[in-house]
Amino acid sequence: MKKAASSSYTSTTNACKLCKPLGACIAFRGIEGAVPFLHGSQGCATYMRRYVISHFREPIDIASSSLGEKHAVYGGGPNLKLGVKNVTKKYGAKLIGVATTCLTETIGDDVPFLLKEYKRDVEDLPPEEAPILVNVSTPSYSGTHMEGFHAAVRAVADQVATEAEKNASVNVFPGFMTPAEIRHLKEIFEDFSLDETILPDISDTLDAPVLEEYKKIPEGGTPIEEIRRMSGAMASIEIGRTVETRLSAGELLNGKFGVPAYKTGMPIGLRECDAFFELLEKISSYETPEKYAGERGRLVDSYIDAHKYIFNKRAIVYGEEDLVVGITSFLTEIGVRPVLCASGGQSGLLAGAIEEVTKGILPESPVVRHGVDFYDIAEEAEGLAPDIIIGHSKGYHLARRWNIPHVRVGFPIHDRFGGQRLLNIGYRGTQDLLDRVVNAFIEKKQEDSPVGYGYM
Amino acid sequence: MAIPIRDDENLEMNECSPDEIKKEILEKYPTKVARKRAKQIVINKVGEGCEVPEIQANVRTIPGIITQRGCTYAGCKGVVLGPTRDIVNITHGPVGCGFYSWLTRRNQTKPESPEAENFMTYCFTTDMQEEQIVFGGEKKLKQAIQEAYDTMKPKAIAIFSTCPVGLIGDDVHSVAREMKEKLGINVFGFSCEGYKGVSQSAGHHIANNGIFTHVVGLDDTVREGKFKVNLLGEYNIGGDAFLIEKLFEECGFTLISTFSGNSSIDKFANSHTADLNLIMCHRSINYVAEMMETKFGVPWMKVNFIGAEASAKSLRKMAKYFGDQELIDKVEEVIAREMPAVIAAQEEVRPRCEGKLAMIFVGGSRAHHYQELFREIGMDTISAGYEFAHRDDYEGRKVLPTVKVDADSRNIEELDVHPDPDRFRPRKTEEEMKRLQEEGVEFHDYDGMMPEMGDDKMIIDDINQYETDKMIEYYKPAIFCAGIKEKYAVQKSGVPMKQLHSYDYGGPYAAFQGAINFYHEVDRMVNSKVWKYIKAPWQESPELAAKYAWE
């Protein structure tokens, strides 16, 4: 197998990652009554809002301390406190998640200390005027949006969960899934009669119905009371094979409160789903409900049906590391050859995880590249003769250049409709994904045909 | 507010006066915030000499109040320099800023040939890491410039600074000079760190200064054409500039350069050879026009190609400036050819749109320009405001001498420009200019948005999410115009929202054909029946049966 290698360039051309505070904002958005808050220049909040919104087609308010040149010189403390106060008053936030930016990290603002000072000032106020303040350090110059996401989840678990009585709940750290996927997770846990606390839960907050009156903070999100009790849960499940220990909320709760921590891959494809359902059986002591056996059976059936369309096709997969691992695992099973697995992330765990999910099946291991951009991906792809690319919207130019299909998964998706509703996890989600992948090949074949066959 | 369902038959105007509404909005603010916002929320009153009340604008946003505004970097790289296809734009900083400004504004461009350079689909960044924050980023920047040169072979490279760059003291300008010498191509830098200024407006100014210093005037070649113009402050979103270009060509104007929709650096370099500068977005680009006039003697006039009437008026003004009868006749011929389709479209949608209310909170010129289009189909802009404009964009340039320059604006350099000893050439004699002005052709002037809006209209600068909610609640507009950040919140309140930054993936809306597109788009939006289906018939709701949101 070729060793994982990072970029051969110093600069980055067409990045395959976003910046750290963005991930933190999305994670904070998945908590009940929470408002994400960026300590820095207001442009960061504006840029990230517009980006997150263009994917989810949902409002997301991210507050900012709106620092100017003066504050960059003298420190942003007063603006941070005033901003937190204004968000409390105008939004009635239950929790404000303060993430730093490159500006405030560079000038060295001590956010935990400033927030402690603020809390002291508002000590006597009733709870509705003194929301929970969580802070996370997210300098954009180190790590990607996924590190920011995990760091924020871990910070919430660290700063909100308190000593609690042992209870029968299960903590779930799903990583960056779509709202539809979070909804599916909830259904699965319910079917196993498990009482789950999913952190974060963006299923409603970033995919809300139009039914209700407009609320400044949408309903839904992980209930704060449940986060407090995470310390007493019977287990934690952390989804994602590339979550580093230092960013792991599961490990944190294990170390701090002795909650057993289980790690599992993103449940995409048969094998990762099987492992996931096995884990749930183990934790719940229930058998997998029939419903899922049916879904699994239909999935295997469709693997057989699909084979003739997709066997031996060559795929490039890119995006967030955990998602790349999940998609690669799935492709390996269906007879597609992943030839390049790439990510802008640098957890250092990607190559090992890809090896885990492909060994024994693929005749030749895929090239794995971490810390790369689309320029590297394009260079690497020369000679790989890909038939399809799978990943978010930023890879579109490669698909166009090579005239091959592009199946969209991950974040951001802003050249297709419904990115927030994509379902790739579970047997059911895998089925969805399989159908999309197969149809992408069929469509391409049909379009390229000079005759125009209607029976494929 | 209860359940917001639009039902136009049941929709009655709120009886509140603008004063009461303003009072109610301000009541919810802490005293200090209320005092500040009171100066930024103004009830319009137009005097006989077109004088309007003073509005506070271009001042810092209050922390924690969620604003529409972006940063200096966004104004410089994203807005002004982003739409130029053949400059490699390198963002010097961490990965986010470059990523978020990666062709997100939907600026279109048309390279001369399929092989011609177009770097707009690329996003170059130094992707600064901790090491650079600690030890400095100049070395990495130089490497990035070298790599961009090696892989792309561009004729120019521009460097855009993000927040950390100024803080750690990287000198992007000296790096630019060094690399310019080394590579033999034009390399220039912008100190457009996000924290400078109060909004993207500061970035526009910095971009204007840079492009004027490093590019304008580099190429003295006199191109063919009798009536040579530049179009400033048109960014070709949704293809607007393409329609205007076509119109100019048909009328007989020669377009030397656009700043900066569908532009190339060679055209900037040659732009001082034009004989007239036309300003669309006054806020973002007036600096270049002013400097070009001082240095090269090219006069500027305000035009507007948003709205059919406005387009016709602008073309006539341009023709009058050149004073050539053949040109004047040709312009009339083009207008006469275009107008019947425009009028037919107006007549088609007017019965369904007439009397409906619009609100526009966007930009530095669009909140003004788009009122024309609504007016043309009988809709009334009841409230409007800019995101990042200054007082002169609201009240007109006549207030410029009284605009207070605060610390934030003082941070932005004002270039000291003088007439070029060899190349300064007044395009008209003083008498000619005077005569034209007497005939109603105004130069270097912009009357602003407020004099054109009626009395009692609410003008709100830097509107925030809370005020947006309130305005919708009070006025129940048929359509609300802003950007994507506001779109989904507004729509969840039951009001259709038109994006006027990126046009909701639609457009073009400029000139005559664009106006027709816009009429149909607005007709589609304000007459959509989807809002009636928000509740299913089986969802019994006593409060819904009893009353509507605003009753």
Side-chain angles (χ1 to χ4, degrees), chain A residues 9-15 17-19 21-22 37 40-51 53-54 57-59 61-72 79-80 82-87 89-90 101-103 106-107 139-142 208 210-214 216 375 397, chain B residues 1-4 30 60-67 69-71 73-74 90 93-100 104 121-130 132-133 140 143-144 147-148 162-164 167-168 194-196 198 407-408 411 465-466 469 483-485 487-489 492-493 534 549:
Chain A
Y9 292 89
T10 302
S11 59
T12 295
T13 302
N14 300 347
K17 60 177 177 183
L18 289 87
C19 77
L22 177 130
F37 187 113
S41 159
Q42 76 198 7
C44 307
T46 295
Y47 263 150
M48 289 177 218
R49 283 178 73 205
R50 73 131 351 271
Y51 227 87
I53 290 170
S54 70
R57 298 176 205 260
E58 282 288 313
D61 285 347
I62 299 172
S64 169
S65 50
S66 297
L67 301 191
E69 188 140 17
K70 191 178 91 187
H71 315 106
N79 268 40
L80 172 63
L82 178 60
V84 168
K85 189 171 152 198
N86 281 332
V87 171
K89 283 215 145 143
K90 288 265 82 62
T101 60
C102 43
L103 195 169
T106 305
I107 63 173
S140 344
Y141 47 74
S142 96
V210 70
L211 263 176
E212 328 219 348
E213 73 184 84
Y214 177 64
K216 287 195 184 67
Y375 200 81
H397 288 100
Chain B
M1 191 160 114
I3 299 147
R60 287 217 152 265
T61 300
I62 301 156
I65 300 283
I66 288 146
T67 171
R69 286 176 170 176
C71 65
Y73 166 85
I90 298 179
V95 72
C97 309
F99 198 99
Y100 304 132
T104 33
T121 55
Y122 287 85
C123 168
F124 302 90
T125 169
T126 52
D127 192 2
M128 217 175 222
Q129 299 296 308
E130 194 141 14
Q132 284 86 47
I133 300 291
K140 192 170 191 187
Q143 275 172 305
E147 283 175 3
T162 65
C163 289
L167 300 174
I168 62 173
Y195 55 75
K196 288 185 172 170
V198 303
D408 289 303
N411 285 336
Q465 196 60 55
Y466 157 73
D469 298 343
I484 189 170
K485 299 189 301 298
K487 182 175 180 75
Y488 299 96
K492 283 211 197 285
S493 310
I534 288 175

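Being a predicted model, the structure only gives us computed values, none of them experimental. As a basis for the values below, the full set of heavy atoms in this structure was taken, side chains included, without hydrogen atoms, waters or symmetry mates. Residue numbers begin at 1 in each chain, while the letters A, B, ... track the order of the sequences.
- With a 4.5 Å cut-off on non-hydrogen atoms, B:Q129 touches chain A through its backbone and its side chain both.
- Ranked by heavy-atom pairs shorter than 4.5 Å toward chain A, the options B:C163, B:G96, B:A144, B:A489 are led by B:A489.
- Within the 4.5 angstrom heavy-atom criterion, only side-chain atoms of B:I133, from C-beta onward, approach chain A.
- For B:T162, no part lies under 4.5 angstrom from a heavy atom of chain A.
- Heavy-atom pairs under 4.5 Å with chain B were tallied for A:K89, A:M48, A:K17, A:K85; the largest tally goes to A:K17.
- If you measure heavy-atom distances from B:R69 to chain A, the contacts under 4.5 Å come from both the backbone and the side chain.
- For the options A:T101, A:N79, A:T12, A:T106, heavy-atom pairs under 4.5 Å to chain B are most numerous at A:T12.
- Contact tally against chain B (heavy-atom pairs below 4.5 Å) for A:H397, A:E58, A:H71, A:K70: the top residue is A:E58.
- At a threshold of 4.0 Å, the pair A:K216-A:D61 does not count as salt-bridged, since none of the basic side-chain nitrogens sits closer than that to a carboxylate oxygen.
- Residue with the most contacts toward chain B among A:S142, A:G43, A:G68, A:C102: A:G68 (heavy-atom pairs, distance under 4.5 Å).
- For A:L82, the side-chain contact (heavy atoms from CB on, under 4.5 Å) criterion is met by A:N86, B:P63, not counting sequence neighbours.
- Taking each heavy atom of A:G40 and A:S64 in turn, the nearest pair found is O-OG, 3.6 Å.
- Ranked by heavy-atom pairs under 4.5 Å with chain A, the list B:E130, B:K196, B:M128 is led by B:E130.
- Within the 3.5 Å criterion, the main-chain N or O of B:I62 finds no donor-acceptor partner in the side chain of A:Q42.
- Here the side chain of B:K492 pairs no donor or acceptor atom with the backbone of B:K487 at under 3.5 angstrom.
- The line from CG of B:D127 to CD1 of B:I90 is 12.5 Å long, rounded to the nearest 0.5 Å.
- Among B:D408, B:T125, B:I168, B:T61, the residue with the largest count of heavy-atom pairs under 4.5 Å with chain A is B:T125.
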Inset, instruction - Could you check A:T46 against B:K485 for side-chain contact (heavy atoms from CB on, under 4.5 Å), going step by step and ending with a plain yes or no? - result: CA-CA 8 Å; A:T46 295; B:K485 299 189 301 298; 3.5 Å; yes
Legend entry - Residue pair A:Y51, B:F99: steps toward the side-chain contact (heavy atoms from CB on, under 4.5 Å) verdict: CA-CA 10 Å; A:Y51 227 87; B:F99 198 99; 3.6 Å; yes
